[in-house]
Structure formats: structure tokens, C-alpha cells
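Worksheet: the structure to be examined is printed underneath.
These numbers come from the heavy atoms of this one structure, side chains and all, not from hydrogens, waters or symmetry mates. Heads up: numbering here begins at 1 and tracks the sequence.
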Amino acid sequence: MLALTHRSFAHEAGGIPTNERLEFLGDTVLGLVVTEALYRRHPDQSEGELAKMRAATVSQRALAAIARRLELGSYVLLGKGELRTRGFDKDSILSDTVEALIGATYLSHGLETARELVHRLVDTTLDAAAGLGAGLDWKTSLQEAAAVRGFGAPVYEVTGEGPEHARVFHAQVTAGPVLGLGTGSAKKHAEQAAAEEAYRALQGLPLPGVDAAAEAQEPAAGA
């Protein structure tokens with residue numbers, strides 16, 4: 001029950017314990033298990049690529065998707081305010097609850113049982129991450145693509161609209177001559193969407209020196 005107790009419920013119930021300590025512990029266990037799995041499954045991948053795959057697997061968005069698949073939101077104990085604003089469907093609350101459950105499993109049954117739980121929860125996401133390529137982290141991929149082409153770091157502008165419980169964010173990113181636009185339920189989701197659009201546009205531009213090298217290989221007219 002403690003793993004399902006959100007701080008909003010705990011506050012209204014007179015300050016009973018919350019799931020935040022379990023969430024802290026579960027986050028560490030999740031990171032350990034996923035990191036070890038990636039290390040063993042992808043012996044030829046660099047540290048940077050492994051880090052991207054890990055980030056995609058344990059991200060708030062990925063964990064919230066797992067929670068929705070399990071209909072976990074209907075079991076979380078929330079205060080009246082969070083219930084009014086549909087806290088049971090918020091990415092932050094859902095992902096935190098998944099981590100709290102992992103932490104509780106570790107405390108009650110040890111690492112091996114917790115490891116088994118983590119694999120049951122995230123293996124599908126873990127397998128998918130290996131094929132995402134640039135999509136593992138569009139913002140990082142965009143920054144790398146811009147640097148290769150001699151452009152400065154991408155610049156983001158984000159605006160939000162709508163009520164607090166149904167906020168929508170719009171992001172705009174400029175990377176050299178390219179502009180990307182994105183929308184999402186959180187700032188980082190909107191930024192990732194904008195970065196994806198800009199990255200795909202940058203990929204259509206030639207790399208520095210490619211045109212010159214191609215021209216140098218062409219035979220001179222009349223030769």
C-alpha cells in the first residue's frame with residue numbers, strides 16, 4: 001500500500017508516509033538492472049549509445065506508458081486535488097509509482113526478484129530502444145548533427161496554453177538554417193518533437209566539404 005501512496009493523499013490523511021522513499025530506491029534498482037542488461041546485450045556499443053538506450057528505457061514517458069498498460073493509475077492513492085486534475089493519468093505520478101513498486105519489491109524480496117520484475121516491465125521497451133537510432137534522444141541527435149555541419153547549438157523556445165490539468169506546450173527550435181516545431185503535454189516532449197523535425201530537415205543538407213570533394217573528382221569539361 002505504501003508504494004501506491006502519493007504525497008497528496010498522505011497530506012490529506014494527516015501526514016502519513018508517502019511512496020517517495022520507495023521511489024528513490026526503485027529508481028536506483030531500475031537503473032542498475034537496465035544498465036547491466038544493456039551492457040551484456042550490446043557488447044559493441046559505445047558508452048554514449050548505451051546511455052541513450054538507458055535514458056529511453058527509464059524515461060518518465062516510457063515508465064508512464066508501462067503504468068498505463070497495467071492500469072496502475074486506478075490503484076494510486078491520490079488527494080482530492082490530484083483526483084480533480086486527473087493525477088491518475090499524469091506521466092510524473094505514474095512513472096514515480098512504477099519506481100516505488102520496484103523499490104518495494106527490492107525491500108521485500110531482494111535484488112533477484114526485483115530484477116525479474118524490472119525485466120517483465122521494461123524488456124519490450126529495452127528491445128525497442130536498440131532500433132531507435134537518432135530517436136533515442138532527438139535533442140542530443142540534433143545537437144550532434146548541427147555541430148557536424150558547423151552550426152551553433154540549437155536554440156529552443158517553448159510556450160504553454162490551457163488549464164493546469166490539461167496544459168499543452170508548443171516548442172520551436174532553430175538549428176542553423178533549420179526550424180523545427182513540436183507539441184506535447186510536457187515541455188520536454190514538445191522539445192523532443194521539435195528536435196525530431198529539425199533533425200530530419202538537417203539530414204537533407206550536405207555535409208561540409210562533400211560538394212567540393214565531389215566537384216574535384218569530376219573530370220574538367222572538354223578533358
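- Between the E197 side chain and the L181 main chain, a donor and an acceptor come within less than 3.5 Å of each other.
- Both V122 and L25 belong to a common hydrophobic cluster when Ile, Leu, Val, Met, Phe, Trp and Tyr are linked at side-chain heavy-atom distances under 4.5 angstrom.
- Remark: R120 CZ is loosely packed, at most 12 non-hydrogen atoms of other residues, nucleotides or ligands lying under 6.0 Å away.
- Smallest separation of non-hydrogen atoms from A171 and V158: CB-CG2, 4.0 Å.
- A continuous path of ILVMFWY side-chain contacts below 4.5 Å connects L22 to L117, so both sit in one hydrophobic cluster.
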Inset, instruction - Take E12 and K80 through the salt bridge (charged side-chain N to carboxylate O under 4.0 Å, His left out) test and state the conclusion after the steps. - result: CA-CA 8 Å; E12 292 181 8; K80 295 177 182 177; 5.5 Å; no
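- At most 12 non-hydrogen atoms from other residues, nucleotides or ligands lie less than 6.0 angstrom from NE2 of H11.
- A distance-only check finds no donor-acceptor pair linking the side chain of R86 to the backbone of E82 [under 3.5 Å].
- In this structure, L2 is a member of the same hydrophobic cluster as Y75, with clusters built from ILVMFWY side-chain heavy atoms closer than 4.5 Å.
- Contact of the T124 side chain with the I66 side chain is not registered, since no non-hydrogen atoms from C-beta on lie closer than 4.5 Å.
- Comment: D91 does not engage K188 in a salt bridge, judged by the lack of any side-chain N to carboxylate O separation of less than 4.0 angstrom.
- In this structure, H119 and A37 approach most closely via the heavy-atom pair CE1-CB, 3.8 Å.
- Of the residues D123, L30, V118, V34, the one that meets the side chain to side chain contact (heavy atoms under 4.5 Å, CB included) test with T57 is V34.
- With no hydrogens or angles considered, a side-chain donor-acceptor pair links H170 and E161 at under 3.5 Å.
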Inset, instruction - Would you check, one step at a time, whether the test side chain to side chain contact (heavy atoms under 4.5 Å, CB included) holds for Y199 with V178? - result: CA-CA 8 Å; Y199 174 85; V178 167; over 6 Å; no
Inset, instruction - Just do the side chain to side chain contact (heavy atoms under 4.5 Å, CB included) check on L77 and M1 with the steps written out, would you? - result: CA-CA 9 Å; L77 299 177; M1 185 66 73; 3.5 Å; yes
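- In this structure a side-chain-to-backbone donor-acceptor pair under 3.5 Å is missing from H42 to D44.
- Heavy atoms only, all atoms of each residue included: A198 and V173 are closest at CB-CG1, 3.8 Å.
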Legend entry - Full working for side chain to side chain contact (heavy atoms under 4.5 Å, CB included) between Y156 and K139: CA-CA 10 Å; Y156 293 85; K139 291 183 68 175; 3.4 Å; yes
Inset, instruction - Show your working on side chain to side chain contact (heavy atoms under 4.5 Å, CB included) between K90 and T85 and close with a plain yes or no. - result: CA-CA 9 Å; K90 290 181 179 178; T85 59; 3.4 Å; yes
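- Taking E112 as the reference, R115 meet the side-chain hydrogen bond (donor to acceptor under 3.5 Å, both in side chains) condition, with sequence neighbours excluded.
- Residues L126 and Y39 do not share a hydrophobic cluster, clusters being chains of Ile/Leu/Val/Met/Phe/Trp/Tyr side chains in contact below 4.5 Å.
- The shortest heavy-atom contact between A114 and V29 is CB-CG1, 4.1 Å.
- Atoms CG and CZ, on L78 and R7 in that order, are 10.5 Å from each other to the nearest 0.5 Å.
- Annotation: the span from L72 atom CG to L63 atom CG amounts to 11.0 Å, rounded to 0.5 Å.
- Using a 4.5 Å heavy-atom cutoff, the side chains of D96 and N19 are not in contact.
- Tracing side-chain contacts under 4.5 Å through hydrophobic residues (I, L, V, M, F, W, Y), one reaches L83 starting from V76; they form part of the same cluster.
- Taking both residues in full, the closest heavy atoms of A56 and A129 are given as CB-CB, 4.5 Å, listed atom of the first, atom of the second, then distance.
- Between the CD atom of E191 and the OG1 atom of T183 there is a distance of 12.5 Å, given to the nearest 0.5 Å.
- Shown here is R41, whose CZ atom has more than 12 heavy atoms of other residues, nucleotides or ligands within 6.0 Å.
- When all heavy atoms of A175 and A146 are compared, the pair lying nearest together is CB-CB, 4.5 Å.
- A salt bridge links E36 and R40; the closest N-O separation between the charged side-chain nitrogens and carboxylate oxygens is under 4.0 Å.
- Between I93 and F88 the shortest side-chain heavy-atom distance does not fall below 4.5 Å.
- Of the inter-residue distances, the one linking S74 atom OG with R68 atom CZ reads 13.0 Å to the nearest 0.5 angstrom.
- Contact check on K52 versus E144 returns a salt bridge, with a Lys/Arg side-chain nitrogen under 4.0 Å from an Asp/Glu carboxylate oxygen.
- For the pair S95 (side chain) and S92 (backbone), a donor-acceptor distance under 3.5 Å is present.
- To the nearest 0.5 angstrom, M53 atom CE is 5.5 Å from L38 atom CG.
- Atom CD of Q172 and atom CG of L179 lie 4.5 Å apart (nearest 0.5 Å).
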